[in-house]
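Only this structure's heavy atoms are used, side chains among them; waters, hydrogens and symmetry mates stay out. Everything numeric here is computed off the predicted structure, so don't read it as measured data.
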Amino acid sequence: MKQTITALILQAVKSLVEDTSSLNIILERPKSADHGDFATNIAMQLAKPLKQNPRAIAQQIIDGLPANTVISKVDIAGAGFINFFVSADSKQAIVHEIFKSGAAFGRNQAGQAEKVQVEFVSANPTGPLHVGHGRGAAVGDCLCRLLDANGWQVTREFYYNDAGAQIDNLTKSVLARVQGLSPDDAGFPEDGYRGDYIVDIAEAYLAKATITADDMQVTASGDVSDTDSIRKFAVAYLRHEQDLDLQAFQIKFDVFSLESALYSEGKVENTVQSLIASGHTYELDDALWLRTTAFGDDKDRVMRKKEGGFTYFVPDVAYHREKWNRGFKRVINEQGADHHSTITRVRAGLQALDVGIPQGWPEYVLHQMVTVMRGGEEVKLSKRAGSYVTLRDLIEEVGCDATRYFLAARSPDSQLVFDIDLARAQTNDNPVYYIQYAHARICSVLTQWNGDVTSLATADLSPLQSATETALMQALGQYPEVVSSACQALAPHMIANYLKELASALHSYYNDTKFLVDESQVKLARLALITATRTVLRNGLSLLGVSAPEKM
RNA sequence: CUGCUCGUAGCUCAACUGGAUAGAGCACCAGCCUUCUAAGCUGGGGGUUACAGGUUCGAUUCCUGUCGGGCAGGCCA
């Protein structure tokens, strides 16, 4: 529809301008129904080069429009907008189209089945997942679903930082608990993790428990001085806990990558050697530096410390080189905004490898912090103090659907306030129910009709003429565009906003019009329309990973 | 101090990436169930889009500055 009208405008403009190649005809959907179904600002764009009044140009364009059956009326409005009113037939056609495509309606092939990897969550195995991880999980998973709907071949990946200082800290903390120490006792690690889950780990360790996580199985030795066993057990224990968190959130990963594997397989050392060979490093003060300033960083960064270990961004670079070598021409990292300073460093390291990795690779989607409120006060997220809201608690309190929706329905780059009392007390007022309710209402009507839904595919739609019906059909027609632009902007929240609008159009229709009327032709047309709406609600909700219940 | 980011109704958030009279939900007021689910609908009040300039036919959106919040700025991760 949009393309058809754009082509018509282009035809008309060609009679006014010789060179149309630089012209970008923008067709948008006006907010107000008075302004038609589509509008273009092309006349205003042309006003300057043609040195004419925009409204006069608009009139010339209208006069030059080829004959067609799509447009029923054209207006000039405001400073020179051209408003197009689409004929009723053309609007109704969307219903048939949805019946034809079904679950595939809204999907496109823009990605051309190319590989894309999305890394998200990637929490350190030092504690259960909290709300902040939940936001990353919800946004990341929706991004994957969006990319899939846009024809990409998606790999979901979780990266474990299971090497380094924080794991040492975890080990020390568990060791202290195993030896019967409490955080207030002398000898408990100063920066140790104080949460109760450390006690759970210690008890399981002493009970010689066996833990299965992803691809590994670990049995505790129970030896109170065996730090190596404690380390392995603690990491496995927490990975298992995180698996359960993700399971409760209905998120599955295709690949788990381990930082420790990068070391044991020599890939970190390899990357360092490559960087040295490329000539972008130098020795200073007994340390090895990478000249990241050559790639846009504000200062050079240490790679190998004086004492010998590598700094954290070195394995990060090695890891991303691996991603590149695995054939991902497109990689998206979904992370908390507190990691933004690593972006420059990782990209600089990859550039310095001189292996043809593009400058803006990988892409990043950063989400801002989640502030948790309880009892009108902010709950500080402190892993050390052990005072924080776990993702699993949240899911148990407000449900998986509501939690996912709440965390994905907002633009990632604005801060999010998660009021636990509100989410718990007003479960029924959560916007997700508004959308699901629309779906359940449609299901209920169809159940009472008790006819063959597939037969509606060929229903005569000409009775659909009212304002609420027109508004609903227009909303349905927008869905494919929303799927496309949400993917381009890497903005899953656009889907959530769209679904709210679609649900609103359905509820208005429901209250305004009775569907199960005596007159058969009218009844079938209306049922066809709401069935098409149900399909789009389902398709949209599935992009968010939210269920579409038939009863509520 | 420097960089990134955000600032929209009392609160939580939108605004199709520069469009027309800035929209929803909570909360407040007034209506709508003998009719398909009232977890809904209709109407009303509530705004100098933090502030000051600039760019242009047109700015919540882009640029500059100021103020305010968040996050970074380790040979920590």
Atom-to-atom span, [atom1] of [X] to [atom2] of [N] - whole angstrom:
X	N	atom1	atom2	answer
His507(A)	rG25(B)	NE2	P	11 Å
Leu499(A)	rA24(B)	CG	P	18 Å
Gln335(A)	rC4(B)	CD	C1'	14 Å

So, is [X] close to the [N] phosphate, meaning a side-chain N or O under 4.0 Å from OP1 or OP2?
X	N	answer
His339(A)	rC76(B)	no
Arg441(A)	rA38(B)	yes
Lys299(A)	rG74(B)	yes
Ser341(A)	rA72(B)	no
Lys523(A)	rC36(B)	no
Gln488(A)	rC16(B)	no
Ser508(A)	rG40(B)	no
Lys31(A)	rG19(B)	no
Lys551(A)	rA39(B)	no
Thr513(A)	rC41(B)	no

What is the minimum heavy-atom distance between Thr281(A) and Ile276(A), and which atoms define it?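 That closest heavy-atom pairing would be OG1-CA, 3.4 Å.
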
Can you give me the closest heavy-atom contact between His367(A) and Gly136(A), atom names plus distance?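 Heavy atoms of His367(A) and Gly136(A) come nearest at CE1-CA, 3.4 Å.
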
What is the base-pairing partner of [N], counting Watson-Crick and G-U wobble geometry with both distances under 3.5 Å?
N	answer
rG40(B)	rC32(B)
rC4(B)	rG70(B)
rU12(B)	rA24(B)

Donor/acceptor link under 3.5 angstrom from [X] side chain onto base of [N]:
X	N	answer
Tyr312(A)	rA77(B)	yes
Glu28(A)	rG19(B)	no
Asn41(A)	rG19(B)	yes
Asp168(A)	rA77(B)	no

From C-beta outward on Ala440(A), which listed nucleotide comes closest to its side chain: rA77(B), rC57(B), rU37(B)?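 Nucleotide nearest to Ala440(A)'s side chain: rU37(B).
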
Val445(A) side chain, from C-beta outward: closest of rA20(B), rC36(B), rC71(B):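 Given the options rA20(B), rC36(B), rC71(B), the side chain of Val445(A) is closest to rC36(B).
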
Within the 6.0 Å centroid threshold, strictly below: Tyr364(A) and His339(A):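 No, ring centres 6.0 Å or more apart.
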
Using modelled atom types only, decide if a donor and an acceptor are shared between the side chain of Asn150(A) and the backbone of Val483(A) within a distance under 3.5 Å.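 Such a contact is found between Asn150(A) side chain and Val483(A) backbone.
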
Determine, stepwise, if the pair Lys323(A) / Glu119(A) fulfils salt bridge (charged side-chain N to carboxylate O under 4.0 Å, His left out). CA-CA 10 Å; Lys323(A) 292 185 180 182; Glu119(A) 181 202 327; 2.7 Å; yes

Return the stacking result for rG25(B) and Tyr434(A): yes when the ring centres lie under 5.5 Å apart and the planes under 30°, no otherwise.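 Aromatic stack with rG25(B) absent for Tyr434(A).
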
Hey, is His340(A) stacking on rA72(B)? Ring centres under 5.5 Å, planes under 30°.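 No, aromatic ring not over the base.
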
Have a look at rU17(B) and give me syn or anti from its glycosidic angle (syn if within 90° of zero).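 In terms of base orientation relative to the sugar, rU17(B) is syn.
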
Syn/anti state for rC33(B) [syn: chi within 90° of 0]: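 Syn, angle within 90° of zero.
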
Classify the ring geometry between Phe256(A) and Phe158(A) as parallel (under 30°), tilted (30 to 60°) or perpendicular (over 60°).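 If you compare the ring of Phe256(A) with that of Phe158(A), the planes turn out tilted.
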
